[in-house]
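FYI, the numbering just counts along the sequence from 1.
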Amino acid sequence: MKRLPRIKQYGLIGDMQTSAHVCDDGSIDWLCLPRFDSSAPFAALLGTEKHGAWRIAPATSYERGAGATAERRYVGESLVLETVWTTSSGSAKVTDFMPPRDGAPQVIRIVEGLTGEVSMVSAMRPRPGYGGVSPWIHEVGGRMVAEAGADALWLDTCVQQVEKDGVIVSAFSVAAGQSVAFVLSWCPSHATAPDVPDPEAALSETLTFWRDWTRECTYEGPYREPAVRSSIALKAMTYGPSGGIVAAPTTSLPEEIGGNRNWDYRFTWLRDASTTLAAPLGTGYRQEAQVWRRWLLRAVAGDPENLQIMYGITGERDLRERVLPWLPGYEGSAPVRVGNGAADQLQLDVYGEVIETLYLAHESGVAHCADTAVLHQRLVEHLAQRWKDPDEGIWEIRGARRHFVHSKVMAWVAIDHTIRLVEAGSLHMDLDYLAELRAKIHHEVCTKGFDPVRNTFTQSYSSQELDAATLLIPRVGFLPPDDPRVVGTVDAVRRELSTPDGLVRRYPTIGDHAGVDGLTGDEGTFVLCSFWLVDALALTGRLDEAQALFERLLALRNDLGLLAEEYDPVQQRQLGNFPQAFSHMGLIQSARLLQLLATQPSHHRGAVAVPTPRSTSRSTRQTCADLTPQHA
């Protein structure tokens, strides 16, 4: 039977170095080894089972019309996934997880009988090289191994394994109280075989890790469950050894079914990592910020003048983009790309996001070290020379460069936050020069980036197009929330970029104003932009409307609480790479903002939540810093 799972049908397991996508039919259809950005031996997500997958499910679930149903959940506040299968003969539970590693990466799947007796099948078809290579499958000392080039996959279990037509199959039964474990380990093909762990001990240690980590969360508001689930997703997308955060653990999941807007997100964008860190910092996680700051210093090295907008997860600079022609793409959405050509773009807003996060880390108690101070100063000096240039902007357009309003606003943020650190004595720079530069940028944006006829900020200077990124203007303190230009911009975005349900598009992709991004086709609404609208509505005094929209966005999550990059309101399905760090960051930030504003007297909400451009109140600045997001 042909499988065409929706994106929402996948759950995520991971070890903070890579991750696997587990479908609700028991199939692992995406797994890169040994890192997020490595090639995938299971790539059915972007093709078919022939491109690599590993399914464990009742034997009857493989039969058309057979009675096998599944219910799944994460175990408590963890990344351990449980699926309970119910058949006519009994029920069984499959527990999937990846232990936080100190050795070989491993996927462990434990099948446990609950009632009666259930016939189960494990069918693993390894296809290294993103589904492009047929490995050599053979037995070594009672263990099955699939080898291809530099990679070796070892599959260990107590039940019989048989290789048939490139598939490693185990057929077995579990009665109530019985269990069978499968352990898949990766190692270099030239290395000695990896040790086989105790599956039950590994499960206990994994649950302990997540329990201890989530205990550090300081958020206790009304949306703790979705906020913690989103925090876990963000932690899962952090490469532990370096602190680099991937924008998403997948590549080429489409922004339009059948379209060509398919990109590789398994890298660390400075923007994404910076603004994603704002969420855990606001909920008590400071160690992540310290580790990321060290990653930043290594990645940028002594060359901030040639700052890239993204790097590999350990700081690699060469992210050349290529196409994998043997993969047909998710539901035929081609091409499938690995690498990302946007690494060479100029995106001036990145300076603002990086400096804003350095500021936020400092305000949250992460000491501003001397090396960071040098980097900060050089970034500001370079930005001062380039802020007037056109760029590709936050949305990484592949058309002509423009003077994007959001880029200029974030340049203002970079200078404004630098001034705050200078005033606090944490940086030593020319305060008068910085204040003059801040005022100059502010005046130019308000003069050239604002349409007085429509009472809205536009996407770029003198353009007619709107851009959801302008919703951030009050959030970052560029203008106060009650400024008529802010209210007008929020209303214009709702009118021209929003669906009737309040879901927001990034910018026009079809119609009279399409074409700014240099691409064909359309895309769905952008989940992060919809959270931006939640924030903008709340800050401009429409708290009830913000609350209602936030609830609608929570309903877009799949049954495991995960969000993709986009949502198609017509077909009612998630689109784009999954799960998306920025979607979960937006959820956390909006949850915290709504809680903050709901507990403030109404006459203080706008003034306390976000500062005016010349505000000097430290308490006001702290609140703004704690709640600041960006990008996509």
Side-chain angles (χ1 to χ4, degrees), residues 2-10 12 19 21 23 27 29-32 36-37 40 42-49 51-53 130-131 237 246-267 269 272 321-342 395-399 468 499 503-510 514-530 556-558 562-583 631-632:
K2 188 175 182 181
R3 298 172 61 244
L4 288 174
R6 293 289 182 96
I7 290 171
K8 71 175 184 179
Q9 292 177 241
Y10 287 96
L12 185 77
S19 60
H21 281 57
C23 189
S27 182
D29 290 343
W30 183 252
L31 170 63
C32 297
F36 290 111
D37 56 355
F42 302 148
L45 181 64
L46 300 176
T48 69
E49 292 95 331
H51 296 104
Y130 298 105
M237 287 183 265
V246 296
T250 55
T251 179
S252 300
L253 288 179
E255 297 169 13
E256 179 186 28
I257 299 300
N260 64 0
R261 297 169 181 258
N262 318 317
W263 315 108
D264 193 347
Y265 276 18
R266 299 170 300 150
F267 307 114
W269 273 253
D272 295 52
E321 186 174 299
R322 61 191 176 96
V323 170
L324 306 182
W326 61 87
L327 284 173
Y330 177 84
E331 293 192 22
S333 304
V336 171
R337 297 179 174 95
V338 294
N340 199 307
W395 307 125
E396 302 179 352
I397 64 166
R398 301 208 172 191
T499 69
L503 305 182
V504 183
R505 296 182 178 273
R506 296 187 291 177
Y507 52 85
T509 54
I510 57 175
V516 63
D517 58 16
L519 300 168
T520 60
D522 198 6
E523 64 178 20
T525 59
F526 211 78
V527 174
L528 177 60
C529 295
S530 301
L556 301 184
R557 300 178 302 153
N558 74 355
L562 299 177
L563 283 165
E565 180 181 26
E566 299 187 0
Y567 185 80
D568 183 340
V570 177
Q571 298 189 33
Q572 297 185 344
R573 61 185 301 180
Q574 298 202 41
L575 294 174
N577 284 308
F578 174 86
Q580 174 77 5
F582 263 112
S583 297
H631 165 53

Indicate yes or no: at least one non-hydrogen side-chain atom of [X] is less than 4.5 angstrom from one of [Y].
{"X": "Phe526", "Y": "Glu565", "result": "yes"}
{"X": "Pro249", "Y": "Pro579", "result": "yes"}
{"X": "Thr251", "Y": "Asn340", "result": "no"}
{"X": "Leu46", "Y": "Trp30", "result": "yes"}

What pair of heavy atoms forms the shortest contact from [X] to [Y], and how long is it?
{"X": "Gln574", "Y": "Leu562", "result": "NE2-O, 3.3 Å"}
{"X": "Ser333", "Y": "Glu256", "result": "OG-O, 3.9 Å"}
{"X": "Tyr567", "Y": "Leu503", "result": "CD2-CD1, 3.7 Å"}
{"X": "Asp29", "Y": "Cys23", "result": "OD2-CB, 4.1 Å"}
{"X": "Asn577", "Y": "Thr250", "result": "OD1-OG1, 2.8 Å"}
{"X": "Pro335", "Y": "Val323", "result": "CB-CG1, 3.7 Å"}

Could you give the distance from [atom1] ([X]) to [atom2] ([Y]), rounded to the nearest 0.5 Å?
{"X": "Gln580", "Y": "Leu575", "atom1": "CD", "atom2": "CG", "value": "12.0 Å"}
{"X": "Arg6", "Y": "Gln571", "atom1": "CZ", "atom2": "CD", "value": "6.5 Å"}
{"X": "Glu566", "Y": "Arg505", "atom1": "CD", "atom2": "CZ", "value": "8.5 Å"}
{"X": "Gln9", "Y": "Leu4", "atom1": "CD", "atom2": "CG", "value": "9.5 Å"}
{"X": "His51", "Y": "Trp326", "atom1": "NE2", "atom2": "CH2", "value": "9.5 Å"}
{"X": "Asn262", "Y": "Tyr330", "atom1": "CG", "atom2": "OH", "value": "12.0 Å"}

(message) Under the side chain to side chain contact (heavy atoms under 4.5 Å, CB included) test against Arg573, which residue among Ile7, Ile257, Leu556 passes?
(response)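 For Arg573, the side chain to side chain contact (heavy atoms under 4.5 Å, CB included) check succeeds only for Ile257.
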
(request) Name the orientation class of the two ring planes belonging to Trp269 and Phe267 (parallel below 30°, tilted from 30 to 60°, perpendicular beyond 60°). (result)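 Trp269 and Phe267: tilted rings.
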
(request) Run the salt-bridge test on Arg506 and Glu255 with the 4.0 Å N-O cut-off and return the result as yes or no. (result)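 Here Arg506 pairs with Glu255 in a salt bridge, since their nearest N and O are under 4.0 Å apart.
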
(message) With a 4.0 Å cut-off on N to O distance, would you call Glu321 and Arg337 a salt bridge?
(response) yes

(request) Could you pull out all residues at least two apart from Asp37 that satisfy salt bridge (charged side-chain N to carboxylate O under 4.0 Å, His left out)? (result)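 Per chain and number, Asp37 pairs via salt bridge (charged side-chain N to carboxylate O under 4.0 Å, His left out) with Arg35.
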
(message) If we ignore hydrogens and angles and just use 3.5 Å, is the side chain of Asn558 paired with the main-chain N or O of Tyr10 as donor and acceptor?
(response)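 Such a contact is found between Asn558 side chain and Tyr10 backbone.
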
(message) Please check: side-chain N/O of Arg266 versus main-chain N/O of Val338, any donor-acceptor pairing under 3.5 Å?
(response) no

